[in-house]
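Here the structure is laid out as structure tokens; the discussion comes afterwards.
Naming: A, B, ... by sequence-line order, numbering from 1 per chain. Values below: every heavy atom of this structure, side chains too, minus hydrogens, waters and symmetry copies.
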Amino acid sequence: MGRARHIAGRTLGELARGVGMVAPPDLRRHKGWVGQLLEAALGSTAGSRKGPDFSQLGIELKTIPVDLSGLPRESTFLTVLTPAELVSVEFERSAVMAKLRKVLWLPIQADPAIPLPSRRIGNPHLWSPTPAEEARIRADWELFARWVADGQLDAISAHQGEVLQVRPKARDAKALRLSPDPDGGASMMLPRGFYLRASFTKEILARYYRLPSPP
DNA sequence: TTGTGATCATCT
DNA sequence: AGATGATCACAA
């Protein structure tokens with residue numbers, strides 16, 4: 001937290017210089033660059049390994065792109081949806097809950113008008129779901145678990161879920177994998193991932209930062 | 001090839 | 001405007 005508070009207010013360009021990284025012209029072909037920069041700056045070595053970014057602390061680091069009001073611009077990717085895990089494990093032991101048990105939110109200016117190296121880092125917020133928040137996440141998760149158990153993964157759309165959603169997570173729409181189908185067998189389907197809706201992270205951040213909420 | 005880091009590009 | 005479905009880079 002000391003490190004995170006210390007970099008609050010600095011620009012991505014300054015931070016990059018400090019860790020020997022170079023800001024790309026834009027994020028179109030470097031969508032994960034900001035997240036990777038902050039990992040390097042805060043000393044996370046988790047890389048693409050499973051588990052929390054700071055394994056000893058059990059803390060998951062999430063940069064969150066915010067607009068001029070400080071409100072989230074995008075949903076937040078959590079983890080891939082593994083059908084076998086989803087139907088065999090309790091919510092408390094799920095990959096989703098493992099990610100959400102303790103999250104360090106790091107707001108990053110993401111207004112397109114601001115050049116990438118000039119964008120500033122905000123104050124960190126260490127968050128764990130309240131019992132009420134956890135109940136909402138669990139209700140969505142259990143809904144998805146039932147659909148997958150019925151072989152209906154392919155029928156799930158991003159419209160479902162109040163706070164959690166299931167969306168494609170793949171190289172592209174042609175990268176298919178075997179998933180349980182309605183016949184009890186397996187068919188090639190588009191891989192999915194779990195995401196937190198921007199409306200939900202908006203609630204979380206607005207409470208902590210006292211940001212404007214919708215009228 | 002898969003998981004982690006996400007944002008992009010359209011559609012409604 | 002906001003959200004959905006698609007997409008991009010890199011490490012292991």
Could you tell me whether Glu203(A) and Arg197(A) make a salt bridge, using a distance below 4.0 angstrom between a side-chain N and a carboxylate O?
no
Which nucleotide sits closest to the side chain of His30(A): dA9(C), dA9(B), dT7(B)?
dA9(C)
Under the salt bridge (charged side-chain N to carboxylate O under 4.0 Å, His left out) rule, what pairs show up with a residue in residues 156-179 of chain A, not counting sequence neighbours?
Arg136(A)-Glu162(A)
Please state whether the phosphate of dA6(B), meaning OP1 or OP2, lies under 4.0 angstrom from any side-chain nitrogen or oxygen of Arg73(A).
no
Looking only at side-chain atoms of Arg177(A), point me to the closest of dT2(B), dG5(B), dT4(B).
dT2(B)
Quick check on dG5(B): is either OP1 or OP2 less than 4.0 Å from any side-chain nitrogen or oxygen of Lys62(A)?
yes
Does Arg171(A) put a side-chain nitrogen or oxygen below 4.0 Å from OP1 or OP2 of dC8(C)?
yes
Just call it for Gly35(A): base, sugar-phosphate, or nothing, with non-hydrogen atoms closer than 4.0 Å on any strand.
sugar-phosphate
What is the nucleic acid contact for Pro191(A), judged by heavy atoms within less than 4.0 Å: base, sugar-phosphate only, or nothing?
nothing
Any heavy-atom pair between the side chains of Met1(A) and Leu104(A) that's under 4.5 Å?
yes
Among dG5(C), dG5(B), dT7(B), which is the nearest nucleotide to the side chain of Pro168(A)?
dG5(C)
Hey, does the side chain of Arg29(A) come within less than 4.0 Å of dA9(C)'s phosphate (OP1/OP2), counting only N and O?
yes
Between Thr63(A) and dG5(B), is there a contact of a side-chain N or O with OP1 or OP2 at under 4.0 Å?
no
Is the phosphate of dT4(C), meaning OP1 or OP2, less than 4.0 Å from a side-chain N or O of Gln165(A)?
yes
When all nucleic acid strands are considered with a 4.0 Å heavy-atom cut-off, which category describes Ala170(A): base, sugar-phosphate, or nothing?
base
Give every residue pair that meets the side-chain hydrogen bond (donor to acceptor under 3.5 Å, both in side chains) criterion with at least one member in residues 112-126 of chain A, sequence neighbours excluded.
none
Across the strands shown, which category fits Glu60(A) at heavy-atom distances under 4.0 angstrom: base, sugar-phosphate, nothing?
sugar-phosphate
